[in-house]
Student: 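I'd like to ask some things about the structure below.
Since we're looking at a predicted model, the values are computed, not measured.
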Amino acid sequence: VSYAAARRDLEEARAEQDRLAERTSTLQARREKIERLLSAAAEEESEARARLDAAVKWREDLAEMAIKAETAAREISEEVAFYSRSVRDLAAASAEAEASARRLLDEEEGRLQEEEEGLEAPPSCAAPVSYAAA
């Protein structure tokens with residue numbers, strides 16, 4: 001083995017070492033880039049999950065509000081129906097009271113008219129009244 005051959009082998013080994021160091025550096029840079037991308041992807045996934053959770057919560061809240069609105073609408077509808085029945089019942093009672101009042105008024109007018117007629121008619125079985133001076 002000659003000195004020149006050993007030197008050439010050494011230079012080749014150093015060149016190979018330099019290439020390997022450069023390759024290692026390139027691979028390390030790629031690894032760091034992949035780690036940053038993975039970290040960014042994990043952060044985006046976490047944000048997406050948070051948005052999804054918020055959307056699911058919002059949907060649940062909307063469903064709950066819809067149920068409450070439906071219940072309130074049903075209760076209002078029942079109250080309106082009750083109010084309508086009450087108004088009809090009140091109108092019927094008012095009409096009945098008015099009819100009763102008219103009957104009573106008619107009866108009273110009839111009695112008053114009979115009394116007036118009785119006061120105007122001469123008594124048929126009464127003794128004649130004389131206005132002679134006593």
Side-chain angles (χ1 to χ4, degrees):
V1 178
S2 72
Y3 177 75
R7 186 172 179 93
R8 195 177 40 231
D9 287 345
L10 181 60
E11 287 175 9
E12 287 176 8
R14 282 186 184 157
E16 183 65 25
Q17 185 179 10
D18 288 345
R19 281 192 303 275
L20 288 175
E22 189 177 319
R23 181 79 174 138
T24 301
S25 176
T26 302
L27 290 174
Q28 181 64 28
R30 283 184 182 171
R31 179 179 180 198
E32 289 171 2
K33 182 178 179 181
I34 289 170
E35 286 175 353
R36 283 192 307 272
L37 290 173
L38 286 173
S39 176
E43 188 175 322
E44 286 179 14
E45 179 186 12
S46 176
E47 290 172 1
R49 286 184 187 274
R51 285 191 304 271
L52 178 62
D53 289 346
V56 167
K57 174 73 170 115
W58 184 64
R59 191 174 117 206
E60 289 171 353
D61 290 347
L62 283 178
E64 185 177 324
M65 286 189 292
I67 290 169
K68 287 179 181 178
E70 184 179 319
T71 300
R74 188 173 39 255
E75 288 173 356
I76 289 170
S77 177
E78 290 171 0
E79 286 180 22
V80 166
F82 176 75
Y83 176 76
S84 294
R85 282 191 305 274
S86 297
V87 166
R88 280 192 306 271
D89 292 348
L90 181 59
S94 176
E96 189 176 317
E98 186 177 342
S100 271
R102 282 190 189 136
R103 280 192 306 273
L104 288 173
L105 183 61
D106 289 345
E107 289 172 5
E108 187 62 25
E109 284 179 350
R111 267 187 289 228
L112 286 175
Q113 190 171 2
E114 285 175 7
E115 284 179 16
E116 285 177 5
E117 289 172 0
L119 289 176
E120 293 173 1
S124 56
C125 42
V129 177
S130 84
Y131 293 104

Student: Taking T24 for its side chain and L20 for its backbone only, find out whether a donor-acceptor pair lies under 3.5 Å.
Tutor: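 Side chain of T24 to backbone of L20, a donor-acceptor pair under 3.5 Å: yes, one is there.
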Student: From R85 CZ over to R88 CZ, what is the distance, rounded to the nearest 0.5 angstrom?
Tutor: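 CZ of R88 is found 7.0 Å from CZ of R85.
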Student: Are E16 and R19 ion-paired here, with the side-chain N under 4.0 Å from a carboxylate O?
Tutor: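 Salt bridge flag = yes for R19 with E16.
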Student: Take E107 and R103 through the test salt bridge (charged side-chain N to carboxylate O under 4.0 Å, His left out) and record every step on the way to the result.
Tutor: CA-CA 6 Å; E107 289 172 5; R103 280 192 306 273; 5.7 Å; no
Student: Quick check: does any side chain N or O of T26 sit under 3.5 Å from a backbone N or O of E22, one acting as donor and the other as acceptor?
Tutor: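 Yes; at least one donor-acceptor contact below 3.5 Å.
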Student: Can R31 and L27 be said to form a side-chain contact (heavy atoms from CB on, under 4.5 Å), step by step?
Tutor: CA-CA 6 Å; R31 179 179 180 198; L27 290 174; over 6 Å; no
Student: To the nearest 0.5 Å, how far apart are OG in S84 and CG in D89?
Tutor: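 Between atom OG of S84 and atom CG of D89 there are 10.5 Å.
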Student: Salt bridge or not between E45 and R49? Use side-chain N to carboxylate O under 4.0 Å.
Tutor: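 Looking at R49 together with E45, the answer is yes, because their closest N to O distance falls below 4.0 Å.
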Student: Using 4.0 Å as the upper bound for N to carboxylate O, is an ion pair formed by D53 and K57?
Tutor: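 Looking at D53 together with K57, the answer is no, because their closest N to O distance does not fall below 4.0 Å.
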Student: Step through the shown structure and confirm whether more than 12 heavy atoms of other residues, nucleotides or ligands are within 6.0 Å of CD on E11.
Tutor: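 Buried by this count: over 12 neighbours within 6.0 Å.
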Student: Within this structure, what is the OG-CG distance for the pair S86 and L90, rounded to the nearest 0.5 Å?
Tutor: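 Answer for the OG-CG pair, S86 versus L90, is 8.5 Å.
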Student: Verify, without hydrogens or angle tests, whether T71 (side chain) and I67 (backbone) share a donor-acceptor contact under 3.5 angstrom.
Tutor: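 Yes: the side chain of T71 pairs with the backbone of I67.
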Student: Once you round to the nearest 0.5 Å, how far does CZ of R59 lie from CG of L52?
Tutor: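 It comes to 10.0 Å.
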Student: Whether the Q28 and E32 side chains hold a donor-acceptor pair (N or O, under 3.5 Å, no angle test) is what I'd like checked.
Tutor: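 Checked: Q28/E32 side chains pair up, N/O donor to acceptor below 3.5 Å.
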Student: Taking a hydrophobic cluster as the set of Ile, Leu, Val, Met, Phe, Trp and Tyr residues connected by side-chain heavy atoms closer than 4.5 Å, whether directly or through intermediates, do M65 and W58 fall within one such cluster?
Tutor: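 M65 clusters together with W58.
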Student: May I ask you to say whether R111 pairs ionically with E115, meaning some side-chain N is under 4.0 Å from a carboxylate O?
Tutor: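 Looking at E115 together with R111, the answer is no, because their closest N to O distance does not fall below 4.0 Å.
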Student: Measuring from S46:OG to R51:CZ, what's the distance to the nearest 0.5 Å?
Tutor: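 Nearest 0.5 Å value for the OG-CZ distance: 9.5 Å.
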